[in-house]
Engineer: 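Quick one: the structure is below, questions incoming.
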Amino acid sequence: MGYENGLGFQGFLLAQDFAQGFPLKARIRLGFAAVEPGEPLEARRIFINDATNGTPREQGRTLDLGLDGLLPWRGQTHLYGGVRYTRFRANFHFVGGNEDFDVTSSHWGVAAGLEGSYPMGPRTALVLTGGMEYFFAARISGHDTSYSPDGDHVNPRKEYSYDDADAAVKQPGLRPVLMMGFSYRLGR
């Protein structure tokens with residue numbers, strides 16, 4: 001549990017000693033984060049219409065899948081690096097304005113950082129992680145409109161561009177990761 005542009009949770013499976021003398025450990029990671037979705041009024045203008053009625057309520061989240069390699073560094077500390085795939089969703093609901101819509105995007109990215117594992121018992125350890133993730137630009141879709149980084153837009157509103165849509169929602173870009181949790185070792 002920790003911070004990933006908002007309150008985040010991660011679960012992972014770690015495989016080690018799967019090849020004799022091979023120093024890397026491999027980890028598959030699943031994550032969820034509640035994130036700031038963006039600017040409701042701007043999102044409505046860019047994806048739907050210029051209406052001004054209703055009280056905005058918004059929420060955002062990311063769902064992540066990752067694959068990392070961990071390399072022992074000092075003591076119980078590892079350097080890690082890997083790839084990420086995340087799905088972003090922002091929901092904007094205008095109460096009294098009869099508009100409720102999602103803005104979504106899916107991104108590939110890369111990650112790097114440090115992770116420390118501190119034994120608490122024969123099979124349990126405290127795990128502290130700090131790093132950065134970078135996600136590449138991707139198509140942003142909402143209602144019946146999509147904006148693409150390469151300019152291949154679908155049903156764009158007025159003269160809005162990908163940069164306008166990107167500024168209106170807080171889809172993943174450069175994301176700091178600070179996590180604290182526990183691990184439990186299976187097997188020997």
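Basis for what follows: all heavy atoms, side chains included, without hydrogens, waters or symmetry-related copies.
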Engineer: Could you check whether any side-chain heavy atom of Ile140 comes within less than 4.5 Å of a side-chain heavy atom of Val169, counting everything from C-beta outward?
Structural biologist: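 Yes, close enough: below the 4.5 Å cut-off.
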Engineer: Using the side-chain contact (heavy atoms from CB on, under 4.5 Å) rule, take Asp144 and Phe47 through it: C-alpha gap first, then chi angles, then the decisive distance, then the call.
Structural biologist: CA-CA 8 Å; Asp144 63 348; Phe47 289 96; over 6 Å; no
Engineer: Got a sec, which residues hit salt bridge (charged side-chain N to carboxylate O under 4.0 Å, His left out) with Asp150, two or more places apart in sequence or on another chain?
Structural biologist: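 In terms of salt bridge (charged side-chain N to carboxylate O under 4.0 Å, His left out), with neighbours along the sequence ignored, Asp150 is linked to no residue.
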Engineer: Any side-chain heavy-atom pair from Met132 and Leu174 closer than 4.5 angstrom?
Structural biologist: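 Met132 vs Leu174: side chains touch.
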Engineer: Taking atom CG of Leu67 and atom CD1 of Ile28, what is their separation to the nearest 0.5 Å?
Structural biologist: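 Leu67 atom CG to Ile28 atom CD1 measures 6.5 Å (nearest 0.5 Å).
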Engineer: Is there a side-chain contact between Phe32 and Thr62 (heavy atoms, below 4.5 Å)?
Structural biologist: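 No, their side chains stay 4.5 Å or more apart.
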Engineer: Treating Ile, Leu, Val, Met, Phe, Trp and Tyr as nodes and any side-chain heavy-atom pair under 4.5 angstrom as an edge, say whether Phe182 and Met180 lie in one connected cluster.
Structural biologist: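 Same cluster.
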Engineer: Is the NZ or CZ atom of Arg57 positioned over Phe94's six-membered ring, under 6.0 angstrom from the centre and within 45° of the axis?
Structural biologist: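 Verdict for Phe94: no cation-pi partner in Arg57.
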Engineer: Between Tyr147 and Ile46, does the side-chain contact (heavy atoms from CB on, under 4.5 Å) criterion hold? Intermediate values first, please.
Structural biologist: CA-CA 10 Å; Tyr147 297 93; Ile46 292 167; 3.5 Å; yes
Engineer: What do the steps show when you test Arg175 against Thr86 for side-chain hydrogen bond (donor to acceptor under 3.5 Å, both in side chains), and what is the final call?
Structural biologist: CA-CA 12 Å; Arg175 177 167 79 175; Thr86 191; 4.7 Å; no
Engineer: Examine the side chains of His107 and Gln171 and answer whether a donor and an acceptor come within less than 3.5 Å of each other.
Structural biologist: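 Yes.
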Engineer: Is the closest basic N to carboxylate O distance between Asp68 and Arg84 below 4.0 Å?
Structural biologist: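 Salt bridge present between Asp68 and Arg84.
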Engineer: Taking side chain as C-beta onward, heavy atoms only, is Met1 less than 4.5 Å from Leu7?
Structural biologist: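 Sidechains of Leu7 and Met1: in contact.
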Engineer: Does Arg27 qualify as a cation-pi partner of Tyr80, given the criterion of NZ or CZ under 6.0 Å from the six-membered ring centre and within 45 degrees of its axis?
Structural biologist: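 Yes; both conditions hold, so Arg27 lies above the ring face of Tyr80.
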Engineer: Should the pair Arg139-Asp152 be classified as a salt bridge under the 4.0 Å nitrogen-to-oxygen rule?
Structural biologist: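 Here Arg139 pairs with Asp152 in a salt bridge, since their nearest N and O are under 4.0 Å apart.
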Engineer: Heavy-atom count around Glu42 CD within 6.0 Å, excluding the residue itself: above 12?
Structural biologist: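 Atom CD in Glu42 is packed in, count exceeds 12.
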Engineer: With a 4.5 Å limit on heavy-atom distance, are the side chains of Tyr118 and Leu128 in contact?
Structural biologist: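 When only atoms from C-beta onward are counted, Leu128 and Tyr118 do touch, with a gap below 4.5 Å.
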Engineer: Check the side chains of Gln10 and Asp64 for a donor-acceptor pair under 3.5 angstrom, ignoring hydrogens and angles.
Structural biologist: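 Per modelled atom types, Asp64 and Gln10 side chains form no pair under 3.5 Å.
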Engineer: Taking only Lys NZ, Arg NE, NH1 and NH2, and the carboxylate oxygens of Asp or Glu, determine whether Asp50 and Lys158 approach each other closer than 4.0 Å.
Structural biologist: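 Salt bridge present between Asp50 and Lys158.
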Engineer: Show your reasoning for whether side-chain contact (heavy atoms from CB on, under 4.5 Å) applies to Glu99 and Ile48.
Structural biologist: CA-CA 9 Å; Glu99 290 170 342; Ile48 296 183; 4.0 Å; yes
Engineer: Does the side chain of Arg44 pick up a donor-acceptor pair with the side chain of Thr52 at under 3.5 Å?
Structural biologist: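 No donor-acceptor contact under 3.5 Å links the two side chains.
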Engineer: Consider only side-chain N and O atoms of Gln76 and Ser117, and report whether a donor and an acceptor are under 3.5 Å apart.
Structural biologist: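 The answer is no; no qualifying pair exists.
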Engineer: Strictly below 4.0 Å, N to O, side chains only: are Glu4 and Arg29 in salt-bridge contact?
Structural biologist: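 Salt bridge flag = yes for Arg29 with Glu4.
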Engineer: Distance alone, cut at 3.5 Å: any donor-acceptor contact between the side chains of Arg87 and Ser106?
Structural biologist: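 Yes - a donor-acceptor pair under 3.5 Å links their side chains.
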Engineer: Start with the C-alpha distance between Leu24 and Leu70, add both sets of side-chain angles, then the distance that settles side-chain contact (heavy atoms from CB on, under 4.5 Å), and finish with yes or no.
Structural biologist: CA-CA 5 Å; Leu24 281 180; Leu70 286 85; 5.8 Å; no
